[in-house]
Amino acid sequence: MGTRLTMPTPGDYLLRRDVCSYGYFLLAPNHWDPRTETLTRSLDLSGGIAAVRIGQPGRGKALVIEGDRRLSRGEQAEVKRLVTRMLHLNDVSVGAFHKVDGRWKKSGRGRLFRSPTFFEDLIKTVASCNVTWPSTIVMNRRLCEVISPAFPSAQQLARRREATLRARCRVGYRDKRMVELGKLVAGGEVEPAWFEDRGNSDEAVYKALLALPGIGPYAAANVMQLLGRYSRVAIDTESVRHGKAVLGMTGTAKQIEKQVVAHFEPFGEHRFRSYWFELWDFYEKKHGPAWTWERDSTGKMFTAASLTKE
DNA sequence: GGTAGACCTGGACGC
DNA sequence: GCGTCCAGGTCTACC
């Protein structure tokens, strides 16, 4: 018999909207079920791995979390802490975002889904660089199948041979970078708490991210938003497509990138959210609300190349 | 400071 | 079934 717990949410919180707000909800070990509107995944807890299923009976209602085994009091607290990070439950800046960009007030969009840990977000971002989305899906699935069903921890990756990651997890040349990131975090040279600390400036965090292996300008800006720092737009080929197709920009890719950055300047500290929800809106207009996407069909094709072909 | 080329994988396409 | 091309950011070497 597993443990069942409840967690209060902010009054505006809507699980299906706020989980299905960023592509990581389609990546292992996360599994969103469109029929039951629940999120299931394994978590690495002090007493071992446990799978949890998270549901919500209605907008603003408490979350109902069911574990697949009995959880100690300490583990229940861990689950709540990890779920709070994943679902961004403690984000108090949604109202401020809606004041700056009123387009999303009605739908209530503002929170972006992320991982239970900074390290998982880091590796997921590296696994999304220079690769098409279906390969990112495979890398995440294989990392969970081969190393840990709750997603590899820094310690686990630090111990792995690069060749294993390449051959069995299909991460390609990212093997070395992932093991290095594991070693840096496991060895304490990179402290997740420092990156999470709101006392450190966006500029300092961005610079520190750029110094990490496998993290360039796009990845650093993306990890920034996953940290709840939305002052930078993460520019990639998708930004160029958006600039051309939706914002009517013209010129070379480099020129469009600059125009996109300039376009979102007025949104100040909320630039990324304004940019991202425009993109997300574009996907949803083509494929319906993200909470209805099936992981193995729509969920495999929702980015740039596949969309522009349609 | 800017840029060319290498780095891998998987899918699309032509034969 | 096989070979070729292409998409996708980061890193290094070089100018």
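All values reported here derive from a predicted model rather than from experimental measurement.
Between Val138(A) and Asn130(A), the residue anchored nearer the 5' end of DNA chain B, judged by the nucleotide with its closest heavy atom, is Asn130(A).
Residues Glu278(A) and Arg273(A) are not paired through a salt bridge, judged by the lack of any N-O separation under 4.0 Å between the basic side chain and the carboxylate.
Checking the phosphate oxygens (OP1, OP2) of dG9(C), a side-chain nitrogen or oxygen of Thr237(A) falls inside 4.0 Å. Listed pair Arg174(A) / dC7(B) fails the phosphate criterion, with no side-chain N or O lying under 4.0 Å from OP1 or OP2. Residue Arg170(A) has no polar side-chain atom (N or O) positioned under 4.0 Å from OP1 or OP2 of dC8(B).
Between the C1' atom of dC8(B) and the CE atom of Met178(A) lies a distance of 12 Å, rounded to the nearest Å. The separation between Trp133(A) atom CH2 and dG9(C) atom C1' is 15 Å, rounded to whole Å. Rounded to an integer number of Å, the gap from Leu210(A) CG to dC11(C) C1' is 13 Å. Between the P atom of dG9(C) and the NZ atom of Lys124(A) lies a distance of 18 Å, rounded to the nearest Å. Look at CG on Leu212(A): it is 14 Å from C1' on dC11(C), rounded to the nearest Å. Atom CD in Glu257(A) sits about 13 Å away from atom C1' in dG8(C), given to the nearest Å. Taking atom CD1 of Ile215(A) as the reference point, atom P of dC11(C) lies 8 Å away to the nearest angstrom. Rounded to an integer number of Å, the gap from Met139(A) CE to dG10(B) C1' is 10 Å.
The nucleotide whose nearest atom lies closest to any side-chain atom of Arg166(A) is, among dG9(C), dG8(C), dC8(B), dC8(B). Checking dT10(C), dG9(C), dA7(C) against the side-chain heavy atoms of Tyr173(A) singles out dG9(C) as nearest.
Between Phe264(A) and Tyr275(A), the ring planes are perpendicular. Angles over 60° get that label, and only those under 30° would be called parallel.
Figure legend: Arg232(A) and Tyr206(A) shown as a cation-pi pair, the cationic atom lying under 6.0 angstrom from the six-membered ring centre and within 45 degrees of its axis.
Aromatic rings of Tyr283(A) and Trp280(A) (six-membered ring for Trp) have centroids within the 6.0 Å cut-off, being under it.
Contacts of Leu165(A) with the nucleic acid, taken as non-hydrogen atoms under 4.0 Å apart, are absent.
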* Dump the intermediate steps for side chain to side chain donor-acceptor pair (under 3.5 Å) on Ser239(A) and Asp236(A), then the final yes or no. => CA-CA 5 Å; Ser239(A) 320; Asp236(A) 60 2; 3.2 Å; yes
